[in-house]
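To start, the structure itself, in structure tokens.
We name chains A, B, ... by the order of the sequence lines, and we start the count at 1 in each one.
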2 protein chains.
Amino acid sequence: MNRLIIGLKQAGLRLTPQRVAICKVLAESKDHPTAMMIYHQLLPQFPTLSLATVYKTLNVLKSMGLVHAIGDAGDGAEHFDADLTPHINLVCVRCHRVVDFDEQLVQEIQHIVEQRSGYEVQGARIVYYGLCPDCRPAQRNGKESA
Amino acid sequence: MNRLIIGLKQAGLRLTPQRVAICKVLAESKDHPTAMMIYHQLLPQFPTLSLATVYKTLNVLKSMGLVHAIGDAGDGAEHFDADLTPHINLVCVRCHRVVDFDEQLVQEIQHIVEQRSGYEVQGARIVYYGLCPDCRPAQRNGKESA
DNA sequence: ATGCATGCAAACTCTTTGCAAACGC
DNA sequence: GCGTTTGCAAAGAGTTTGCATGCAT
């Protein structure tokens, strides 16, 4: 029973098998999935699952602040992150993988931004993009595909 | 004659009036425009301008690294930034405005990321979202619209 | 003159919406 | 049982593409 499921329950929302499964995927996966990725991952388990249900659930979780939408990773689709602590997402522009990178300075910056800008900061999307260690040599050799 | 136009010229690409105008909008505007915003801004001047041309030009500039795509601002459309120096974009989730915020720490973080992750960092998208000073009181009073 | 860029329209992808049937509470 | 949630299909929005015409070089 993870944080997302508890959040839904406490809000009085219904814990359907689909929602529970989506929450588990989000909480357990480290690859910042898109709606489509979650859909395909759950399809064997829920053959009648609808992509619309995944989107609806993601929107519920997002609007409750239980997950973050971290933008696309060069693949045109929104990626979601269940890790709400301020951290950096490193996106590889070649293989579209997203990895986390924790750095204390990120927290400092958030405080500075809040104090100096007058903004009420609700969240952050800190994405560095480039070539991951695996794709750096591949790029140099001129290889294709992800 | 700005940096973007020079970049196109040096790459041997053609300096059409449309491209020049798009580059000027990008370099001079401070509001991180979307393709649609650029299109509407130039329509009086180029009545036959096509939105496809704006998109094609933006993709050329982006793939040449002359502008950054900074993701959507809650409005579902890609925003572009001609300021390539590492800086923070502050997005207001209520009025969808985007302002810049310079902070030295950002540069330090980029170096740390490169050294510790093995990534070849090509750029960054550092977006904090929340309520801007104008929208903070508006939100509290329950007012609507942007 | 050459061939890249434009503009139009259609296609494409991701996401949202409407509504009847199903199900959690 | 009530009202929310699901699943399907269709709609919607942003972006891309194909191709003939036009224009920068």
Rounded distance (Å) that lies between atom [atom2] of [N] and atom [atom1] of [X]:
| X | N | atom1 | atom2 | result |
| --- | --- | --- | --- | --- |
| A:Ile5 | C:dG24 | CD1 | C1' | 15 Å |
| A:Leu49 | D:dT5 | CG | P | 16 Å |
| A:Asp72 | C:dT13 | CG | C1' | 12 Å |
| B:Leu13 | D:dA24 | CG | P | 15 Å |
| B:Asp75 | C:dC14 | CG | P | 19 Å |

Kindly say if [X] contacts the phosphate of [N], meaning a side-chain N or O under 4.0 Å from OP1 or OP2.
| X | N | result |
| --- | --- | --- |
| A:Thr48 | D:dG7 | yes |
| B:Gln18 | C:dG7 | yes |
| A:Thr16 | D:dT6 | yes |

**OP:** Looking at every strand, decide which applies to A:Pro47 at a 4.0 Å heavy-atom threshold: base, sugar-phosphate, or nothing.
**Re:**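 It contacts nothing in the nucleic acid.
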
Original post:
Any luck finding a side-chain donor-acceptor pair between B:His32 and B:Asp100 under 3.5 Å?
Top reply: yes

Residues 62-74 of chain B, side-chain donor-acceptor partners within the protein, below 3.5 Å, at least two apart:
residue: B:Ser63; atom: OG; partner: B:Asn59; partner atom: O; Å: 3.0
residue: B:Ser63; atom: OG; partner: B:Val60; partner atom: O; Å: 3.0
residue: B:Asp72; atom: OD2; partner: B:Gly74; partner atom: N; Å: 3.0

Subject >> Of residues 52-70 of chain B, the positions that come close to DNA chain D - non-hydrogen atoms, cut-off under 4.0 Å >> reply: B:Ala52, B:Tyr55, B:Lys56, B:Asn59

Subject >> Check: B:Arg14 side chain, C:dC4 base, donor-acceptor under 3.5 Å >> reply: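 In this structure, the two groups form a donor-acceptor pair.
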
